[in-house]
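The residues of the chain are indexed from 1 along the displayed sequence.
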Amino acid sequence: MTVPEDVTEYITTNHPNGYCDDCIRWALDLSRRQQVQQITSSLGNTEDYVRENGECWSCGKQKMVIRRA
């Protein structure tokens, strides 16, 4: 699987919870948060995903999170 596919699967599998880019990066053992941020920003522009300020289900911090719509 590609990194975008991994990120999409992670978000979909953990629906309806929202996750920050840092926690997605950690969960998928990726080296760069910026790579995750580019993917989640693109997904956030679609009807299937919501990217908004909120509490990350994993770390509990108030950050930009993404979840399935």
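No donor-acceptor distance shorter than 3.5 angstrom exists from the side chain of T13 to the backbone of Y10, with no hydrogens or angles considered. Checking side-chain atoms of S41 against main-chain N and O of Q38 turns up no donor-acceptor pair under 3.5 Å.
Side chains of D48 and T12 form no contact here, defined as non-hydrogen atoms less than 4.5 Å apart. Between R51 and T40, the closest side-chain pair of non-hydrogen atoms falls below 4.5 Å.
Between C56 and Y19, the shortest heavy-atom contact is SG-CA, 3.8 Å. The heavy-atom pair separating R33 from R25 by the smallest distance is N-CD, 3.3 Å. Across A69 and E47, no two heavy atoms sit closer than the pair CB-O, 3.4 Å.
In this structure, T8 OG1 and L43 CG are separated by 4.5 Å, a value rounded to the nearest 0.5 Å. The distance from the SG atom of C59 to the CH2 atom of W26 is 11.0 Å, given to the nearest 0.5 Å. The structure places SG of C20 at 12.0 Å from CD of Q37, a figure rounded to the nearest 0.5 Å.
Cluster annotation: V36 and I66 are assigned to the same hydrophobic cluster (Ile/Leu/Val/Met/Phe/Trp/Tyr, side-chain heavy-atom contacts under 4.5 Å, transitive). Residues I11 and W57 fall within the same hydrophobic cluster, defined by Ile, Leu, Val, Met, Phe, Trp and Tyr side chains chained together at heavy-atom separations under 4.5 Å.
With sequence neighbours excluded, no residue satisfies side chain to side chain contact (heavy atoms under 4.5 Å, CB included) with S42. V3 pairs by the side chain to side chain contact (heavy atoms under 4.5 Å, CB included) definition with V7, L30, Q35, I39, not counting sequence neighbours. Residues satisfying the side chain to side chain contact (heavy atoms under 4.5 Å, CB included) test with T2, not counting sequence neighbours, are P4, E5.
Using a cut-off of 4.0 Å between Lys/Arg side-chain N and Asp/Glu carboxylate O, E52 and R67 are scored as salt-bridged. A salt bridge is absent between D22 and K61: the closest approach of a Lys/Arg side-chain nitrogen to an acidic carboxylate oxygen does not fall below 4.0 angstrom.
A cation-pi contact links R68 to Y49, judged by a cut-off of 6.0 Å to the six-membered ring centre and 45° from its axis.
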